[in-house]
Every structure is written in C-alpha cells, then in structure tokens.
There are 2 protein chains.
Amino acid sequence: MDSAAAREQALDAAERLFYGRGVKSVGMDDVRTASGVSLKRLYQLFPAKEQLVVAYLERRDARWRGQLAAHVARQGEPRERILAVFDWLREWFAEEGFRGCAWINAYGELGATSAAVADRVRAHKQAFRDYLGTLVADAGLPARMAGHLFLLAEGAMVTAGVTGRPDPAGEAREAARALLAAER
Amino acid sequence: MDSAAAREQALDAAERLFYGRGVKSVGMDDVRTASGVSLKRLYQLFPAKEQLVVAYLERRDARWRGQLAAHVARQGEPRERILAVFDWLREWFAEEGFRGCAWINAYGELGATSAAVADRVRAHKQAFRDYLGTLVADAGLPARMAGHLFLLAEGAMVTAGVTGRPDPAGEAREAARALLAAER
DNA sequence: AAGGTAGGAGAACGAACGTTCTCAGGTCAA
DNA sequence: TTGACCTGAGAACGTTCGTTCTCCTACCTT
C-alpha cells in the first residue's frame, strides 16, 4: 500500500470515528485498528494527532461543500437554488449516523485548546456563508439576506444534531421562504 | 464552611473552568485548586465528575433563562418582547469571556459519550424553545414562528461563539423583524 | 547470496486524569 | 480524658492516551 492510499484509509477511519464519537474519545490506537494503518505510518503521515484532526476537517469540508453545490446546481431558478440548500440539509440530517455538524462539534470540543482546529472551523463556516452570498447575489437579493439564511442553516444544524431529528431543515426552509417572499 | 457553601463554591469554580476551557480540559484537581474545596468534599458532593458537569449545566440553565426572562419582561408590547430576546443575546455575546453557548459546546464535547449531559442539553434547548412559544402565543402569532425564531437564535449563538463577535445577534434580530413583519 | 532499508506489530514510556486512600489533626459526646 | 467521627492535604492507584522505540520480517539492490 503506497502512502497516498494509506493516507486515505487513515482519513476514512479517522472521519468515521471522530465524527461518530468525538475527537477526544478516539485514540490514535483506535484509528490504527479501524484503518489498518500502522502507528508508525500514521505518525509519518500526520506527525501529531492535531494534524490528523485538521486533515479530517479539511477533507470533509471539501466534500461537504462539493455535495451541497452539486445538489443546488440542479435547480435552475435562483430562488429555488436558495431553497435547495435547505432540502439538502434535510437529506443530510436524515442520513444514518448523522450526529450534528462536524465543525460545530469540533469547535465545542477543541476550539478552546487548539488554534489550528478553531481556524479550520472558522474557515469552513466562512466558506459556507460566502457560498450563500453568491446564491443571494445571483438572485438579485440584498446582501444582508445571506447572513439571515446562514443563521437559519446554522440553527437547523445545531438543532438537528441535538435532537437527532431532521425536522429543523423543514422549519428553516419555511422561514427562508418567508424571508424571500418578504423581499419580492 | 458548610456543605451548601462548599457546593456553591465548587460550582462557581467548575462553571468558570468548564465554560472557559471545555469540560474535558479541566481536571477535578483544577476544580479543587480553583474552588478551595478539597477533593474529598468534592466527591462527597458530586460522586463523579459527570454529576458535577450536570449540576453546572442545571444551575447555569436556571440563571440563563431567568436573566433572559427578566430582560424580556421589561418590554410591554408582545412583539417588542420577542425582539428583546435578540437584544439580550447581543448583550450576552458581548460579555467578557463569552465563548459560545455552554450547552452546544457541552453537547459537542460530551453528547456522544454521556447520556446525562446530552439529556441536560436537550432539556435546556427545549425549555428555551418553549419559552419562545409563549412569547409567540402572547403576540397572537402562529405557533410555527417559535421554531423559526428559535433557529435564528441558535444560529446566532453558534456563529457568535465561533467568530467571537456579537454581530450575529443583530443579524438575527433583523431577520426576526422581517419574519414578524411578514405576519402582520 | 549478502546486506541494507522500510514497514508492521505491538511493547514501552511518560504524562494526565478520575478516583480512592492514608495520615494527621480537630471536634464533640459521654 | 477518651474515643468515634469528620475534614483537609495530598500521596497513591489504575487507566487511558499520545508518542516513541524495539524487534522482526520482507523486499530491493548489487
């Protein structure tokens, strides 16, 4: 197995474990066992656990935003594209094993002690917010709408995570629709 | 020092430390040192760390909701009372040492491993949501508004916590006002 | 074939931490 | 006074975990 494959396998296992149980509850040994990548290799690829955590957040960020954008792109109307964000959230919330937003959870766990993790969380949230900004601009809506939609989405993620139910996505969609309607 | 005083002192220190650095980064020994309550006494009052965490969340919940309700009660108009929730959030976000919502953070840290903590978080969020429900009902607004306002507030808490800025309270207030206006 | 290098398995190390124990002193009842 | 009990200070214990080290095997080069 070459380095690139080992890296992917390690990240696959790390993501599954970190997301499912929280970062601090997962030891490097758990990652070794789940991935089949030896400790030696693990520490070659990621010289410290923190770097594995950062890599996990970065890879997940790219995939998360890619999937969201792909889903949204299937809608033609600018306002429909905005509402599609919330439809995608509902699909995500309903996934088997959904346990809330990985970045919000990581921030609660490590934000106070790891600057690198806190930075990754902020970067992810900023990127999501900027993305909403482009959707809002494409719809010819005032820029402030992006912030409002962002807060609804974040609230839905937190609430779905804590309650374990996907309903908040529908509520957020409803609220978003009301906000859009008010701008017409 | 009697038991009740020791309990308060322990909880004061625990709250300061847990909230400021996260629960897992704080040892029982740190609580002992910061509170001046001996380990023996600490374990008499709270037979395990988890119970100290639960007690911290419960006491903070009572105070948090009490302060919010007191602030809101100063407003006479039902719709003003709803907006006052977001004004209070802004004050909270701007406080020295604000580090996000204690319950969201605790959930990210312990939700996956401690059922007792997860329960306290759900109870707190449910109580807050119910409270918004009473404000919405008093204003003669449709019940679904409570869910929308709740999501805005949760989104603001998360975002203020991650960014360290109080602005999300203002954005959420703006969005709430737009939602209220749409119902007139 | 010989020797060198990389990798895997897992033991080992050192620190942190939750929890319990020891010991010395103080208090109060009889 | 005596003795039972409580308390505080902090040592001690057992576990977990991040990280490093040891040892052995397999493969590549010459």
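Values reported hereafter were calculated over all heavy atoms of this structure, with side chains retained and with hydrogens, waters and symmetry mates removed. By convention in this document, chain letters (A, B, ...) are assigned in the order of the sequence lines, proteins followed by strands, and residues within each chain are numbered from 1.
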>> For the residue pair R165(B) and F93(B), would you count it as a cation-pi contact if the rule is NZ or CZ under 6.0 angstrom from the ring centre and within 45 degrees of the ring axis?
In response: no
Determine whether the side chains of S114(B) and E50(B) contain a donor N or O and an acceptor N or O closer than 3.5 Å. yes
Side chain of R32(B), base of dG8(D): donor and acceptor closer than 3.5 Å?
-> no
Should we count CZ of R177(A) as having more than 12 external heavy atoms under 6.0 Å?
no
Would you classify V31(B) as touching base, sugar-phosphate or nothing, given that sugar-phosphate means primed atoms plus P, OP1 and OP2, and contacts are heavy atoms under 4.0 Å? nothing
Between CG of D2(A) and P of dG8(C) the distance, given in whole Å, is 11 Å
Pair R79(A) + E183(A): basic N to acidic O under 4.0 Å: no
From NZ of K40(B) across to P of dT20(C) the rounded distance in Å is 12 Å
Expected list for residues 46-54 of chain B near DNA chain C, using heavy atoms below 4.0 Å, is A48(B), K49(B)
TODO: Look at Q44(A) and dG7(C) and indicate whether a side-chain polar atom (N or O) is within less than 4.0 Å of OP1 or OP2.
DONE: yes
In whole angstroms, the gap separating C1' of dG10(D) from CG of D29(B) amounts to 9 Å
From OH of Y43(B) across to P of dG10(D) the rounded distance in Å is 17 Å
For D130(A) and Q126(A), does a side-chain donor sit closer than 3.5 Å to a side-chain acceptor? yes
The ring pair (Phe, Tyr, Trp, His ring centres under 6.0 Å) partner of H124(A) among Y56(A), Y107(A), W103(A) is W103(A)
Can you find a side-chain donor-acceptor pair between H148(B) and E171(A) that sits under 3.5 Å?
-> no
Separation of dC17(C) atom C1' from K24(B) atom NZ, nearest Å, is 12 Å
Between CZ of F18(B) and C1' of dC17(C) the distance, given in whole Å, is 12 Å
Taken to the nearest whole Å, CE/M28(B) to C1'/dG14(D) is 17 Å
Here the distance between atom C1' of dC17(C) and atom CG of L17(B), to the nearest Å, is 15 Å
Comparing nearest nucleotides in DNA chain D, the 5'-proximal residue of the pair S25(A), L39(A) is S25(A)
